[in-house]
Amino acid sequence: MSRSQENMRLTDYFLPVLKEVPKEAEIVSHRLMLRAGMVRQQAAGLYAWLPLGYKVLRKIQAIIEEEQARAGAVEMLMPTLQSADLWRESGRYDDYGKEMLRITDRHDRDLLFGPTNEEMITDIFRSFVHSYKQLPLNLYHIQWKFRDEIRPRFGTMRSREFLMKDAYSFDLDKDRAEEAYRRMFVAYLRTYYRMGLTAIPMQAETGPIGGDLSHEFIVLADTGESGVFCHRDLLDKPIPPRDTDYKGDLSPIVKDWTSLYAATEDMIDMERFEREVPEDKRIAARGIEVGQIFYFGTKYSKVMGASVMGPDGKEAFVHSGSYGIGLTRLVPAIIEACHDDDGIVWPVSVAPFEVALLNLKVSDAQCSSVCEDLYAGLQKAGLDVLYDDRQDGAGAKFASADLIGIPYQLVVGPRGAKAGEVEIKNRKSGERTTLPLDRAIQTLKDWIEPERRDRI
RNA sequence: CGGAGUAUAGCGCAGUCUGGUAGCGUACCAUGUUCGGAACGUGGGGGUCGCAGGUUCGAAUCCUGCUACUCCGACCA
C-alpha cells in the first residue's frame with residue numbers, strides 16, 4: 001500500500017488561495033475550501049476540484065480502499081451513465097423522481113446519470129455468479145454520482161455531482177448477509193478513525209433504497225444537517241485494530257457499539273433515549289452524515305432474478321446490502337471538525353501535504369541553500385512536503401500555510417540558517433520548537449509517522 | 001417547488017433612488033526599497049456593468065422579458 005508522494009514547490013504548483021471570501025459561501029468548510037484554493041464552483045452543485053482539494057480527496061480515497069480491502073471488499077468501476085431499462089426492471093425508474101437526471105442519447109434511448117448502482121451491480125452479479133461457492137462477495141466502486149437536488153448547498157457537502165464509494169454485498173442467506181453487514185460496520189469505524197474523525201453509528205431509516213437494517217455514520221459538528229441524540233461514551237469507544245479478524249465473528253464489536261443508544265432525529269425515541277441514557281451522558285447535538293450502510297435482503301435479487309444454487313441443490317435469491325461513503329462530503333466534514341480562526345487544521349492522515357517548508361527569505365543565498373537541502377532530505381525521508389519557495393514575505397507564507405492547514409511548518413529564516421537552526425510549528429497546537437538543522441528531518445519523521453494512523 | 005434576494009475587473013464592494021466619459025480595495029504586471037505573521041513607494045494592464053428588447057440626444061442607472069447564482073422552508077450520500 002503506497003502513499004501518494006507528490007512533493008511540490010509552490011512556484012510550480014497551482015494554489016489559488018483567496019484573501020477574501022466569495023459571498024456565496026455560508027458554512028466554514030465551504031469558505032475554507034474556496035479560500036484554500038481546493039475547489040471552484042462551476043454551476044449550482046457542481047465543483048471543480050483544484051489540485052490541493054483533489055489531493056485530499058485522493059488521500060481519503062486511499063484510506064477507504066485500504067480498509068475496504070481489509071474487510072474483503074473488491075474494487076471495480078462501473079460507468080456513470082446507466083440504461084433506463086435496468087431501472088425499469090427494478091421499478092425504480094418511475095419511483096426515483098426528479099432527483100434522477102434522465103438523459104436521451106442520439107438514438108433516442110433513455111439513459112440516466114446514476115444516483116446509485118444497486119441495479120447495475122445486481123445485473124453484473126446475475127450474469128456471472130450462479131453458485132453459493134462464489135459467495136460471500138462484496139464488490140464496490142468509487143465513482144461520481146449525480147442527484148439533481150432541489151437545492152444544493154454548503155459547497156461539496158450537498159452537491160449535485162458527488163464522489164461516492166458504494167459497496168454491495170451478496171450472500172446466500174440473511175445470517176451470512178448480516179456478517180457482511182458487520183464487516184462493513186467495522187471497516188467504517190476504522191475508516192473514519194483513520195481520517196481523524198469520530199463517527200458514531202446510529203440507527204437510520206432505510207429511505208428509498210429500502211431494507212430493514214441500517215446505520216448512518218455521523219460526525220458531530222454544529223453545522224451538521226441532522227439532529228442527533230446519543231450516549232456520550234460512544235465518543236471514546238476503542239476502534240477495532242488493524243488485525244481484526246474479518247473472517248471471524250464480529251458481532252461482539254457491533255454489539256458493543258450498538259448497545260449504547262444513538263439515533264438521528266428522524267428515528268429518535270425520546271422515551272427510550274431518556275430511559276437508557278443517564279442524564280449526564282446524554283448528547284443532543286448536530287451531525288453530518290458521512291456514510292450509511294443497509295441490509296436490504298432480496299429486494300433487488302428477486303425482481304432482477306439474481307439467484308445462486310445452494311449446497312442443498314436449491315436455487316435461492318441472494319441477500320444483499322449496500323454500503324456508501326460520500327468522499328466529496330467527507331472533505332468538508334473533516335474541515336468542519338478540524339479548523340480554527342486561521343484556517344484548516346488537517347489531520348496528518350488526510351492532509352494534502354504533511355510538511356510546509358517555509359523559506360522566509362528566498363533572496364538570502366544561505367537561507368535558500370538550507371531550504372533546498374531540507375527539501376531534498378524531507379523527500380528522501382518519505383515525507384509529503386510542500387516547499388514555499390515564493391518570493392513573498394514571511395507573513396504571507398505563514399498565513400497561507402495556516403490557511404491550507406498543513407500539519408507541520410518547517411520554518412527557515414536567514415537568521416536561523418546562519419546559526420544552523422530551524423523552527424517547527426505545529427499547526428494544531430501552535431507550538432513552536434527550535435532545533436538544530438541536522439535534527440529537523442528526523443524529528444518531523446518521528447512526529448508525523450505515528451499520526452498517519454496507517455499502522456493502527 | 002413556495003418565499004426572499006443578488007448579478008458592475010479574478011475576489012470583495014461603491015456607483016443605480018436623482019440618466020451625462022465606470023470607480024475603490026485587493027489580486028495581477030514592471031520597478032525600487034523591504035524581508036519572522038498577508039510590507040511600502042512609483043508606474044501600468046484589465047470590465048460588451050448577467051442576457052435580450054424598449055424608452056431617450058444619451059442607459060450600469062428608467063421599463064419589459066429572460067437567465068444564472070445565493071439565502072429561508074419542504075427533500076436528501
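All values reported here derive from a predicted model rather than from experimental measurement. Within every chain, numbering begins at 1; the chains are lettered A, B, ... in the order of the sequence lines, protein sequences first and strands thereafter.
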Pairwise [atom1] distance for [N] and [M], with rounding to whole Å:
{"N": "B:rU70", "M": "B:rG12", "atom1": "P", "result": "13 Å"}
{"N": "B:rG5", "M": "B:rU18", "atom1": "C1'", "result": "24 Å"}
{"N": "B:rU48", "M": "B:rG36", "atom1": "C1'", "result": "47 Å"}
{"N": "B:rG46", "M": "B:rG25", "atom1": "C1'", "result": "16 Å"}
{"N": "B:rG23", "M": "B:rG15", "atom1": "C1'", "result": "7 Å"}
{"N": "B:rA68", "M": "B:rC49", "atom1": "C1'", "result": "16 Å"}
{"N": "B:rC57", "M": "B:rG19", "atom1": "P", "result": "15 Å"}
{"N": "B:rU42", "M": "B:rG47", "atom1": "P", "result": "24 Å"}

Report which part of the nucleic acid [X] touches: base, sugar-phosphate, or nothing (heavy-atom distance under 4.0 Å, all strands).
{"X": "A:A394", "result": "sugar-phosphate"}
{"X": "A:R390", "result": "nothing"}
{"X": "A:G413", "result": "base"}
{"X": "A:D364", "result": "nothing"}
{"X": "A:K165", "result": "nothing"}
{"X": "A:T434", "result": "nothing"}
{"X": "A:V21", "result": "sugar-phosphate"}

So that I know where these two stand, are [X] and [Y] an aromatic pair - ring centroids less than 6.0 Å apart?
{"X": "A:Y295", "Y": "A:Y181", "value": "no"}
{"X": "A:F125", "Y": "A:Y300", "value": "no"}
{"X": "A:F229", "Y": "A:Y261", "value": "no"}
{"X": "A:F162", "Y": "A:W144", "value": "no"}

Euclidean distance, atom [atom1] of residue [X] to atom [atom2] of [N] [Å, nearest integer]:
{"X": "A:D392", "N": "B:rA38", "atom1": "CG", "atom2": "P", "result": "12 Å"}
{"X": "A:K397", "N": "B:rC35", "atom1": "NZ", "atom2": "P", "result": "15 Å"}
{"X": "A:Q41", "N": "B:rA7", "atom1": "CD", "atom2": "C1'", "result": "14 Å"}
{"X": "A:R160", "N": "B:rA68", "atom1": "CZ", "atom2": "C1'", "result": "12 Å"}
{"X": "A:Q391", "N": "B:rA39", "atom1": "CD", "atom2": "P", "result": "14 Å"}
{"X": "A:K23", "N": "B:rU8", "atom1": "NZ", "atom2": "P", "result": "6 Å"}
{"X": "A:E225", "N": "B:rC75", "atom1": "CD", "atom2": "C1'", "result": "10 Å"}
{"X": "A:I27", "N": "B:rU70", "atom1": "CD1", "atom2": "C1'", "result": "14 Å"}

Checklist entry - What nucleotide, of B:rA38, B:rC75, B:rC69, holds the atom closest to the side chain of A:E149? => result B:rC75

Next on the checklist: So if I take every side-chain heavy atom of A:R415 and compare against B:rC72, B:rA38, B:rG36, which nucleotide ends up nearest?
Outcome noted: B:rG36

Next on the checklist: Is it the case that over 12 heavy atoms from other parts of the model lie below 6.0 angstrom from the CD atom of A:E431?
Outcome noted: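 Incorrect, the count does not exceed 12.
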
Checklist entry - Minimum heavy-atom separation for A:I441 to A:L378, with atom names? => result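 Closest approach of A:I441 to A:L378: CD1-N, 3.8 Å.
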
Salt bridge or not between [X] and [Y]? Use side-chain N to carboxylate O under 4.0 Å.
{"X": "A:D342", "Y": "A:R427", "value": "no"}
{"X": "A:E178", "Y": "A:K174", "value": "yes"}
{"X": "A:E67", "Y": "A:R194", "value": "yes"}
{"X": "A:D148", "Y": "A:K98", "value": "no"}

Item to check | Nearest-nucleotide comparison on RNA chain B, the residue closer to the 5′ end among A:E216 and A:K361 | outcome: A:K361

Next on the checklist: Can you work out whether A:E26 or A:F398 has the more 5'-proximal nearest nucleotide on RNA chain B?
Outcome noted: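 Counting from the 5' end, the first nearest nucleotide belongs to A:F398.
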
Given that both distances must come in under 3.5 Å, which nucleotide forms a Watson-Crick or G-U wobble pair with [N]?
{"N": "B:rC62", "value": "B:rG54"}
{"N": "B:rA68", "value": "B:rU6"}
{"N": "B:rG43", "value": "B:rC29"}
{"N": "B:rU48", "value": "none"}
{"N": "B:rC1", "value": "B:rG73"}
{"N": "B:rA38", "value": "none"}

Item to check | Protein proximity profile, nucleotides 24-32 of chain B - base contact B, sugar-phosphate-only contact S, no contact -, cut-off 4.0 Å on heavy atoms | outcome: -BSS-----

Item to check | Side-chain N or O of A:R153 closer than 4.0 Å to phosphate OP1/OP2 of B:rC72 | outcome: yes

